Amino acid sequence: MLKFILPSQLRLGMYVQSLSGAWRAPASLRKPFLLEKEDDLLTLQDSPLRAVLIDTSRGSDTESDPAARRRGGDPGDRELDAPDKHPSAVRSTRKVDLRREREQAARIISRAEETVVNMFSEARMGRTIDLLEAGDLVSEITASVSRNADALVSLVRLKTADNYTYMHSVAVCAMMISLSNQLGLPAAEREQAGMAGLLHDIGKMAVPLDILNKPGRLTDEEFATVRSHPVTGYGLLKELPGIGSATLDVSLHHHERMDGAGYPYQLAGERISIFARMGAVCDVYDAITSNRPYKSGWDPARSLQHMAQSKGHFDFDVLQGFVRAVGIYPIGSCVTMQSGHLAIVLDQQPGHLLNPLVRIFYSIRDNREVGPALLDLRHSTDRILGHADPEKLGLMDDVLAQQDLSY
């Protein structure tokens, strides 16, 4: 089973599937591997990585082992309670809250994946979905997003091609809740939106796995099978006592388009509910920013630009709200600056989506480390040119490993 944990929870014998912010780890640790070396363990535990995805079917789980807790204390407490290493840095209560919530979010996501895998497996075998369990999960995600949306939404985007189907549902759930907050929906409707996001793709459990995970182009017949999942999902869900109307609606209509060119019923404009319009935006965004068997994910800025240029597909007001909710440059992004520097995005600036708070740390022109220097782009002539891939730029591992998200 794939499971999210904090770097401080790593132990020898675990199988590391992937890392959140893998470019911050040494190149030798960026591919899946069995954690057997003490030096590798220390490197990852001391790294600024946000979360680690382990495969408990191929290595150890996180069962308590007093002998292994060589560093003492509760996982994560040491980092949060450490003295400020940079007294001159700009400090923010919100940032401390973000870091604390990221710990909570990592635990929620780990439980969420297990819950969704079990729930979808039941659906695939024709058994009834446990709506109480699903509701508890949505409530947990809602609480986390309400405390700090950046924490869970940024972590849940870490997924592999293998677990995409399950984590996509968790990601859309979280994004639906965050978007609901941005649009000012009542609390009850926020949880309805979250449940709708969690179950929107349940119909894919009726699609054969060899089609669902096919790395190449689908045949016309296979594509038709995939396109049947909204109707299939609606049929599965409507048999459940207590299922909400929003969940049914999003399951059936999240592939409709505002111009009527969607499916399955070619609904258009006002015939598409607000929940289905939200579902369409969240579903597409997570799909195109995620790595899939047949393609690599796009960066958030390119994805949002593509969606904004897809005339007739989305409700423009809902899409604008979504951009405000998730940001164009998510926290933790590595970006290229107009000045020829690389920087880490540290915080979003409400009302200034193109001008987040960043920390410059490297000069591309001089090929050397600089600063670090905080830069509030609201009050600077420097600008972000786009997302950067540090690995392609050949940056030294020790330079990357020093970068964290505190300020």
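Every heavy atom of this structure was used, including side-chain atoms; hydrogens, water molecules and symmetry mates were not. Just so it is clear, the model here is predicted, and its values are computed rather than measured.
Side-chain atoms of Val358 and Ile344, non-hydrogen and from C-beta on, never get closer than 4.5 Å to each other. Residues Gln45 and Ser8 are not in side-chain contact: their nearest non-hydrogen atoms beyond the backbone lie 4.5 Å or more apart. Between His200 and Val172 there is a side-chain heavy-atom pair separated by less than 4.5 Å. Looking at heavy atoms from C-beta onward, Asn355 lies in side-chain contact with Arg383 at the 4.5 angstrom threshold. Using a 4.5 Å heavy-atom cutoff, the side chains of Asp259 and Lys311 are not in contact. Looking at heavy atoms from C-beta onward, Phe314 lies in side-chain contact with Val284 at the 4.5 angstrom threshold.
For His253, there are no ring-ring contact (aromatic ring centres under 6.0 Å, His included) partners two or more places apart in sequence or in a different chain. With sequence neighbours excluded, the residues forming a side chain to side chain contact (heavy atoms under 4.5 Å, CB included) with Asp317 are Asp315, listed by chain and number.
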Verdict with supporting geometry, Leu10 and Val16, side chain to side chain contact (heavy atoms under 4.5 Å, CB included): CA-CA 9 Å; Leu10 280 167; Val16 177; 4.2 Å; yes
For a ring-ring contact (aromatic ring centres under 6.0 Å, His included) check, start with the C-alpha distance between Phe322 and Tyr285, then their side-chain angles and the critical distance, and finish with the verdict. CA-CA 10 Å; Phe322 182 80; Tyr285 177 82; 4.9 Å; yes
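Salt bridge status for Lys204 with Asp201: present, with a side-chain N to carboxylate O gap under 4.0 Å. Classification of Glu133 and Arg111 as a salt-bridged pair fails, no side-chain N sitting under 4.0 Å from a carboxylate O. For Lys37 and Asp39, the salt-bridge test fails: no basic side-chain N is under 4.0 Å from an acidic carboxylate O.
The aromatic rings of His255 and Tyr263 lie parallel to each other, their planes meeting at an angle below 30°, with 60° marking the opposite boundary. Between His306 and Trp298, the ring-plane angle classifies as perpendicular under the 30° and 60° cut-offs.
Tested against Glu222 for a salt bridge (Lys or Arg N to Asp or Glu O under 4.0 Å), the candidates Lys214, Arg217, Arg227 yield a single pass: Lys214.
Across Ala325 and Ser178, no two heavy atoms sit closer than the pair CB-OG, 3.7 Å.
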